[in-house]
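When a ligand or atom number is given, it counts from 1 through the structure's own listing order.
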Amino acid sequence: MTRITIPEGSPFGLANLPYGVFSTPGTDPRVGVRVADSVVDLAATLGDDIFARPSLNDFMAQGRARWDEVRGRVHELVAGDVPDDAVHPVSEVTLHLPVEVADYVDFYASEHHASNLGRLFRPDAEPLMPNWKHLPVGYHGRAGTVVVSGTDIVRPSGQRKAPDEQVPSFGGSRRLDIEAELGFVVGTGSALGESVATDEFADRVFGAVLVNDWSARDIQAWEYVPLGPNLGKSFATSVSPWVVPLAALEAARVPLPGQDPEPLPYLRERADWGLDIEFVVEWNGQEVARPPYREMYWSPAQMLAHLTVNGATSRTGDLYASGTISGPEKHQRGAFIELTWNGREPLEINGEQRTFLADGDEVTLTATAPATDGGRLGFGEVHGRILPAHDG
Ligand code: CA
């Protein structure tokens, strides 16, 4: 038997216990829980076949009472002696996409981000569009290209047309960017015609992951009018391998920064679902930003209510992301287009002046939040490296 040692200050202590899907050489992917620097095999320890499956979906579909029960059992299990063959060093396992992603929607919930992009792209107009403070603006993304952290990102090719060019050309994106976001995973869905109230959020949403919404700004700028982002976003979206259960985020809950005007009744919150989560963005190993999630204007409970208010189905495995997290300060901006002010104010990365991503660049997002034990819990990381475009 093994007693897992949890070092003081570990972001993966007993108050976190995020779920993921892992495999060891020669074995099939299955569900595990991260504790300190170990992964505990739930298929081997909880005596339930549902954890022997290659995604969390079937477990998530069982609903909140079951999530709470399993979380209690996992806590008891990992705090005691665990069978040796059910404990693996995280460095020796392969981590897989934890969720079979059903639908994917990306919001735009940071007032600072939306205002910055408004100033960049419409300098002579109001930074926010008239709808922005009345509803959480979003678009449907491509679920099939959500990939797990560590997956290389091939530079997308497409049509690009700079403002000073007469006609578009085809080639690899010249303005490849990141967006640091938080993603929410739906555990139990809602039927066609049904809408989900804001106070049902914790019964419906299983947990949260880190998201890097890779964005080809030149492809996006040319294609997005009038129907919104498409190929400038759909080539890849990276997520962290650990799903932090909502139950682990109780100590991170904070009021929203404030909504004026008051939203329509279906968007009003009866409980606080702002979240005090601090992100760190690293570009080739150098910290370039610390986006604060607590600054987000719209809450994830409001986003889910909005997603379903028209009667659209939600499903187990749906992923919806917050949109780029940007705070009021320059060092709190979660995309390079904002950090470099559309390329006009380069960042110095390891001694070089840089604006957008070059081939070989690596980006890592991490995040931590207050935990219920008084310490801080971690989300792990979402990491990606840029490979050259296929067309050269
Ligand atoms: Ca986004």
Side-chain angles (χ1 to χ4, degrees), residues 101 103-121 127-129 131-132 135-149 151 153 156 158 173 175-185 208-225 227-240 275 277 279 281 283 288-289 291-293 295-300 302-304 306-307 318-327 332-340 342 356-357 363-365 367 379 382-384 386:
V101 180
D103 284 294
Y104 168 49
V105 169
D106 194 16
F107 284 97
Y108 195 49
S110 161
E111 182 176 1
H112 302 289
H113 173 70
S115 299
N116 283 335
L117 289 206
R119 288 187 193 102
L120 284 171
F121 293 120
L128 294 179
M129 299 299 270
N131 60 0
W132 199 89
L135 57 86
V137 168
Y139 70 95
H140 276 262
R142 192 168 189 86
T145 48
V146 175
V147 297
V148 73
S149 174
T151 306
I153 304 301
S173 171
R175 294 163 64 81
L176 186 55
D177 197 356
I178 66 151
E179 294 192 336
E181 308 192 15
L182 190 64
F184 298 89
V185 179
V209 292
L210 308 182
V211 175
N212 186 346
D213 174 24
W214 304 98
S215 298
R217 300 299 180 193
D218 43 0
I219 297 172
Q220 182 186 356
W222 172 233
E223 76 177 356
Y224 88 104
V225 178
L227 291 185
N230 190 11
L231 305 185
K233 301 278 195 174
S234 66
F235 56 95
T237 305
S238 298
V239 298
S240 55
L275 292 166
I277 301 173
F279 278 63
V281 180
W283 188 351
V288 292
Y293 193 84
E295 294 284 344
M296 300 299 269
Y297 189 90
W298 295 103
S299 84
Q302 292 174 319
M303 295 178 212
L304 183 61
H306 189 67
L307 272 181
D318 280 359
L319 172 70
Y320 64 96
S322 61
T324 306
I325 305 158
S326 291
Q332 296 178 325
R333 298 172 184 167
F336 298 161
I337 193 169
E338 288 171 87
L339 285 165
T340 67
N342 204 16
F356 292 97
L357 288 163
V363 174
T364 303
L365 312 181
F379 283 76
V382 58
H383 170 263
I386 306 303

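With sequence neighbours excluded, the residues that form a side chain to side chain contact (heavy atoms under 4.5 Å, CB included) with Val147 are Thr151, Ile153, Ser238. Take Asp177 and apply the salt bridge (Lys or Arg N to Asp or Glu O under 4.0 Å) test, not counting sequence neighbours, and it matches Arg217.
When you scan the N, O or S atoms of Asp106 for the one nearest the Ca ion (ligand 1), you land on OD2. When the Ca ion (ligand 1) is compared with the N/O/S atoms of Glu181, atom OE2 turns out nearest.
None of Asp213, Leu210, Val209 except one satisfies the side-chain contact (heavy atoms from CB on, under 4.5 Å) rule with Val239; the exception is Val209.
Centred on the Ca ion (ligand 1), the OD2 atom of Asp213 and the OE1 atom of Glu179 lie at an angle of 80°, reported to 10°.
The aromatic rings of Trp283 and Phe336 lie parallel to each other, with less than 30° between the two planes, well short of the 60° mark.
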